[in-house]
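Quick caveat: nothing in here was measured; it's all calculated off a predicted structure. Letters A, B, ... mirror the listed sequences (proteins, then strands); counts begin at 1.
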Amino acid sequence: MNYWLFKSEPDEYSLRDLAAEPGRTGRWDGIRNYQARNFLRDRVQEGDGVLFYHSACRLPAVVGTAEVVRPAYPDPAQFDPESPYFDPKSTAGEPRWFCVDIRWQDEFARPVPLAEIKADPELQEMVLVKQGRLSVQPVTPGQWRHLLELGRG
DNA sequence: GCCAACGTTGGC
DNA sequence: GCCAACGTTGGC
């Protein structure tokens with residue numbers, strides 16, 4: 001059982017978009033960064049906890065949590081020429097990109113903004129603080145607990 | 001919209 | 001395999 005932080009641009013796919021999916025379950029796809037891909041493919045497991053983070057928006061923040069309900073499988077979008085995530089170099093036999101399915105779990109009573117995370121002495125070791133751009137990143141149990149506490153408002 | 005940080009590409 | 005050029009991410 002591990003904890004993760006997943007980033008999404010809310011204009012593309014927000015926590016509420018996930019909540020509106022059938023079964024509150026959606027595909028986490030479109031990851032096209034090798035470091036993030038490796039975490040998804042090799043480390044993310046069913047039952048893992050996910051901090052849902054909104055990026056590239058008015059208030060970058062952790063807004064809630066989700067649970068991994070299906071571990072890595074090839075991202076179908078890489079084979080679809082119509083998709084912006086199409087990758088002509090990827091083959092069915094040797095897929096390059098992976099996705100997982102996640103289920104909505106909770107929306108925080110209060111979003112926890114990036115600025116607050118950066119200012120929190122307990123959260124200085126978060127990958128979010130140290131390496132801003134990674135879209136799938138590990139979170140420690142202590143960081144997870146602390147974020148949930150902050151999100152209770 | 002700017003720009004810093006960082007990842008990827010491709011010539012050599 | 002180096003590295004310059006270029007593209008992307010994402011905070012501000």
Side-chain angles (χ1 to χ4, degrees), chain A residues 2-21 26-44 48-68 71-102 104-140 142-144 146-153:
Chain A
N2 295 307
Y3 298 106
W4 305 95
L5 182 145
F6 286 5
K7 288 188 191 175
S8 188
E9 302 188 15
D11 289 347
E12 295 291 323
Y13 196 78
S14 69
L15 181 61
R16 288 182 180 180
D17 290 332
L18 175 62
E21 298 263 23
R27 175 181 294 151
W28 188 268
D29 61 1
I31 296 298
R32 295 293 181 270
N33 166 283
Y34 287 105
Q35 203 179 349
R37 188 280 309 268
N38 292 344
F39 280 131
L40 268 190
R41 184 189 60 188
D42 304 335
R43 306 275 307 281
V44 175
D48 283 359
V50 174
L51 293 173
F52 201 106
Y53 178 86
H54 283 172
S55 67
C57 56
R58 193 180 54 79
L59 183 70
V62 176
V63 293
T65 58
E67 180 186 351
V68 176
Y73 59 101
D75 182 348
Q78 70 196 307
F79 306 121
D80 176 7
E82 302 301 311
S83 169
Y85 298 119
F86 177 63
D87 184 344
K89 295 179 193 162
S90 191
T91 65
E94 212 169 329
R96 182 177 296 194
W97 306 111
F98 290 80
C99 58
V100 298
D101 289 353
I102 60 175
W104 184 93
Q105 195 168 62
D106 184 47
E107 180 173 333
F108 285 174
R110 182 184 75 91
V112 183
L114 176 62
E116 186 175 330
I117 292 170
K118 284 181 171 173
D120 192 318
E122 281 193 53
L123 300 176
Q124 291 310 295
E125 295 305 311
M126 282 192 77
V127 181
L128 189 66
V129 174
K130 299 172 77 170
Q131 184 186 345
R133 292 180 27 169
L134 188 60
S135 56
V136 174
Q137 45 179 271
V139 169
T140 69
Q143 291 162 353
W144 171 270
H146 193 58
L147 258 303
L148 260 55
E149 188 64 30
L150 293 173
R152 289 204 310 194

Residues at least two apart in sequence or cross-chain that pass ring pair (Phe, Tyr, Trp, His ring centres under 6.0 Å) with A:Tyr34, listed by chain then number, are A:Trp97
Tell me every residue that passes side chain to side chain donor-acceptor pair (under 3.5 Å) with A:Lys89, counting only those two or more places apart in sequence or in another chain. none
Hits for side chain to side chain donor-acceptor pair (under 3.5 Å) against A:Gln35, two or more places apart or cross-chain, chain-then-number order -> A:Gln131
Nearest-Å distance, CD (A:Gln35) to C1' (C:dT8)? 15 Å
Contacts of A:Thr140 that satisfy side-chain contact (heavy atoms from CB on, under 4.5 Å) - sequence neighbours left out: A:Gln143
A:Phe108: partners by ring pair (Phe, Tyr, Trp, His ring centres under 6.0 Å), with sequence neighbours left out: none
Review item, nucleotides 9-12 of chain C N/O atoms under 3.5 Å of protein N/O:
from	atom 1	to	atom 2	distance (Å)
C:dG10	OP1	A:Lys7	NZ	3.1
C:dG10	OP1	A:Arg133	O	2.8
C:dG11	OP1	A:Tyr53	OH	2.7
C:dG11	OP2	A:Ala56	N	3.0
C:dC12	OP1	A:Lys118	NZ	3.1

Measure from OH on A:Tyr34 to P on C:dG7 and round the result to the nearest Å. 18 Å
Please determine, by modelled atom types, if A:Arg27 and A:Tyr73 share a side-chain donor-acceptor pair under 3.5 angstrom. yes
Contacts to DNA chain C from residues 82-99 of chain A, heavy-atom cutoff under 4.0 Å, which residues? none
For A:Asp17, what residues pass the side chain to side chain donor-acceptor pair (under 3.5 Å) criterion, not counting sequence neighbours? A:Ser14
Please report the distance, rounded to the nearest Å, between CD in A:Glu12 and P in C:dT8. 14 Å
Could you list the donor-acceptor pairs under 3.5 angstrom formed between side-chain atoms of residues 51-66 of chain A and any protein atom two or more places apart in sequence or on another chain?
from	atom 1	to	atom 2	distance (Å)
A:His54	NE2	A:Leu15	N	3.2
A:Thr65	OG1	A:Gln105	OE1	3.2

Partner residues of A:Phe6 under the ring pair (Phe, Tyr, Trp, His ring centres under 6.0 Å) criterion, sequence neighbours left out: A:Trp28
Please enumerate all residues that pass side chain to side chain donor-acceptor pair (under 3.5 Å) together with A:Arg37, with sequence neighbours excluded. none
Base-paired stretches in DNA chain B with three or more consecutive Watson-Crick or G-U pairs, both distances under 3.5 Å, amount to B:1-12 with C:1-12
